[in-house]
Amino acid sequence: MANYFNSLPLREQLAQLGTCDFMAASEFEEGVNYLRGKKLVIVGCGSQGLNQGLNLRDSGLDVSYTLRASAISEKRPSFVNATSNGFKVGSYAEMIPDADLVLNLTPDKQHSAVVKEIEPLMKKNACLAYSHGFNIVEEGQKIRDDLTVIMVAPKCPGTEVREEYKRGFGVPTLIAVHADNDPNGEGLAIAKAYAAGTGGDRAGVLMSSFVAEVKSDLMGEQTILCGMLQTGSLLCFDKMVAQGVEPGYAAKLVQYGWETITEALKHGGITNMMDRLSNPAKLKAAALSDSMKAILRPLYEKHMDDIMTGRFSGGMMDDWHDDDVKLLGWRHETSETAFERESVTDDEISEQTYFDQGILMVAMVKAGVELAFETMTAAGIKAESAYYESLHEVPLIANTIARKKLFEMNSTISDTAEYGCYLYNHACLPLLQPFMEPLNTDVIGRGLGLNDLGVDNQELIRVNQEIRSHPVEHIGQMLRGYMTAMKAIG
Amino acid sequence: MAELFGFDSADIEFGSGFSLERLDWQVADGDKWLVAGRNGSGKSALLAAIGGVGRLRSGRINALREPIAELSITVQRGLAARERVRLEGGEGSEFENGTPVSAILEELNPDSDLLRELSDRLGLGELLAQPFLNLSTGETQKVLLVRALASRHPVLILDEPLRGIDAASRIIAFNCIERFAGMRTVILVTHEVNAVPDWAEHLAYLESGSICYQGALAASEATDWLEQMSTLTVPQMALPPRVTGQASLQAPQSPLVVMKNVQVSFGDLPVFENLNWEIHAGEHWQVTGPNGSGKTTLLNLITGDSPHCYTNDLNIFGFQRGTGESIWDIKQYIGYVSSGLHLAYRVSASVERVLLSGFYDSIGLYQSVTSEQETIVAEWLKLIGLEKKRQQPFNQQSYGNQRLLLITRAMVKQPALLILDEPCLGLDPLNRALVIALIKQLTQSKTTTILYVSHDVSDPIPGISKRLSLPLA
Ligand SMILES: NC(=O)c1ccc[n+]([C@@H]2O[C@H](COP(=O)([O-])OP(=O)(O)OC[C@H]3O[C@@H](n4cnc5c(N)ncnc54)[C@H](OP(=O)(O)O)[C@@H]3O)[C@@H](O)[C@H]2O)c1
């Protein structure tokens, strides 16, 4: 199989990369009707599989599961999840032939093998759905001509997909139809009904393409989302400890700091996060962020380039075939870091303190979000996609670090994200070493002292202007506006 | 005796904006205090202040240095939140399906003989291996009670210790508390002024964030304060109107609910075997049964919140379940409140918007509302005396006021079926009377059929005549 993206002519590449449009609520007036009475069979019952299935069934659709034989015979958690929730479960041979819509919700790494097994069993003119386009785009999986191929990708972990649905809401979702596989022209209708069934239509759906989803998803997860938070955690912790901050305190500031400061992003983007700092601290953070952006820009560009050319996925697939030696080695290395091993203090740290003593962390988030966004849009990805895959997801990932540090983050995200995250971390750590060298606890660990509290008016105006006029803020304001029109939480 | 902790002219401010004012209160080693007051008067804030929460604006605090064993909603929520994190975290935890009850109990005192004895007396013996989060409201309360009593901590805080505990266990729980209260300093908070134990010595009565009376519980002044709390009369009232023209408020088909041969079990534990039940419009039901008899499961079959509604023969509002209807088709006819909903209602929204969400059956508000709905909500707020809180954040209201608001949320659309699962837990006597009066009005309205669930058989609700009593599974 050859990389699908690379097989396209340039104009097609650009057209697909540049697809991402917010869909009006009126497009979903038909709800799940298109799928009513059809048979939906989900392959795999993990995080996405179980939770999407529960939502689809509660929306009135006919949902059942198929699992690989060993999962059924060994009564593995996937089997127990499905049966204890009252779903019918059967083997591929029992379930796939009757299915009108097959939802492939197995791990990306398994997609080639799974598709090879189920495709011949699928009935003529049925539809195959994904929640991530890696298999189609990077592995170049070819699907039988009579089958429709679509994607419905919730931009949240599965548990969130379910929780939001139960509240009467949903999570933002990207949908796409694979241009090579839409023989009956019904791909979009199926994708819309599927998205409505998961509740995604209530939170906002974007019409994307397989290519745009994959390239932007990969870029976001390996740079700002997971990579930057991992590198930032290690650097900030080591710095504080070297400067005499009590290690338990340093660990807490980092573990919960990301979550606390990025919560501000949800409400008002980078602008609001920066506004949570005092004026002198804001100027410091802006300056630190500028320096980091200058140092890191080539690294972000390299990641984007490697993703576009397929070099990244090629390297990772080599590791798959090499029994994940690199991935497992890096995972082990991470578990051995001082930050990961330190237990956190019980001392209370107030919400504002995370900002006041975490100026460097705020700067890292700002630099990472802006760089990822700038690099993606410069590569032809639309601002909407770039926003969702950078700024929008940071709080969700930060939330996993708050639970159990980097271990938790790396076990929640996909293997692909984890692999990319380590790759980034290895390149980023040495690049930032010289930058970190002269820094002190005023920007990380203790906060500004009384003698740093003067601010130059002109400088402050310039910095505020710069923050507010960044393109990620423009698109962010618009998209958050759409979402809050529907969602009035907090 | 030596002062254990105390407050001198203390003004203490909390993150929620609530503050305790001019607090003068000294507690000596071995004291037994009853803390009372209406919903929202500051009882929980006072307990939090004992635990060192809050910011001292003026005055002085002599902080408690001993560890506290506490039974309260705060502790329950803390444990539940920790469990959710563990479950989502997966691999990291020792227990894959959630921490079992036995481990929760052992956290404060590993003395397994004592824990076993207390658990057996309260009927928890069978549940020790169950995951903590799977327990019903009443069972959870019993576990927290055993956990607090068995601890060796010298200070015991009991915030409504009998909340949600079934009739059969109440006396036992009451006696267990007495046995363990003796040697320790106890702060007891309760609305049940008829059930104040003999061992309580002092009363601190709160009103709007201040202690307005403190002294011997035996004093006649103390009795006056407590009586005031329970004997205020509920004013005459008329229900606000229903909204007009919302299709979902048309009467659904009757019978509202038909269950045939329902079978539900959790793992190997059967909860229902061959349950048959019908609810007809205008027939109001009270469902009773001890903790753990499956009351909540039964309701979840109706509301669609249990996966078992797809594996049983259920007809709800004319929809045969599992034939293409959505849970929102079902929920549009239901108003619902329970401790589970209360725990799940964790979004930040104003009091007003929480009530408005009752029109859409959502947690949080995601649709635009009509001015008619806003007017109706304003009337309801007036009716329950919380109109001044309209714009305040819901999650900063006291537990009792949150509960009252969620009950009202369930009522605003005057749904075809109003399901109240132990609604009055945490309400002070006056608010409880208010809710009962509202229920009575609704039973006469002809539009709403009521399903009232309580563990307490001896707690008849006026206007409700049908009974379903569930045996222990
Ligand atoms: N997690 C997220 O946040 C997220 C968000 C959006 C989209 N997605 C996408 O959703 C899809 C599923 O991801 P996930 O996170 O839900 O995965 P997951 O939790 O790891 O679940 C995978 C499921 O697939 C089964 N499975 C594993 N290997 C298999 C094989 N070789 N053959 C058949 N079944 C196999 C597993 O069951 P057994 O091992 O018991 O067979 C399990 O039930 C991926 O395409 C992912 O990119 C994920």
Rounded to the nearest 0.5 Å, the CZ atom of B/R84 sits from the CD atom of A/E163 at a distance of 8.0 Å
Query raised in the report: Just how far is it from atom OG of A/S350 to atom CZ of B/R55, taken to the nearest 0.5 Å?
Result: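 Reported to 0.5 Å precision, the distance equals 11.0 Å.
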Over 12 non-hydrogen atoms of neighbours within 6.0 angstrom of [atom1] in [X]:
{"X": "A/E30", "atom1": "CD", "answer": "no"}
{"X": "B/E273", "atom1": "CD", "answer": "no"}
{"X": "A/E348", "atom1": "CD", "answer": "no"}
{"X": "B/R82", "atom1": "CZ", "answer": "yes"}
{"X": "A/K38", "atom1": "NZ", "answer": "yes"}
{"X": "B/N274", "atom1": "CG", "answer": "yes"}

Q. Should B/I327 and A/Y165 be marked as a side-chain contact (heavy atoms from CB on, under 4.5 Å) after you check the CA-CA gap, both sets of side-chain angles, and the distance that decides it?
A. CA-CA 11 Å; B/I327 51 166; A/Y165 182 90; 3.8 Å; yes
Check your understanding: Does A/D58 reach the side chain of B/Y310, with side-chain heavy atoms less than 4.5 Å apart?
Key -> yes
Step by step, work out the side-chain contact (heavy atoms from CB on, under 4.5 Å) result for A/F169 and B/L365. CA-CA 9 Å; A/F169 197 52; B/L365 186 60; over 6 Å; no
> Would you find a donor on one side and an acceptor on the other, under 3.5 Å apart, between the side chain of A/R202 and the backbone of B/Y366?
Replying inline: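 Judged by distance alone, no pair lies under 3.5 Å.
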Given B/P393, B/P307, B/S357, the one with more heavy-atom pairs under 4.5 angstrom with chain A than any other is B/P307
Residues A/G168 and B/S362: closest non-hydrogen pair is CA-CB, 4.2 Å
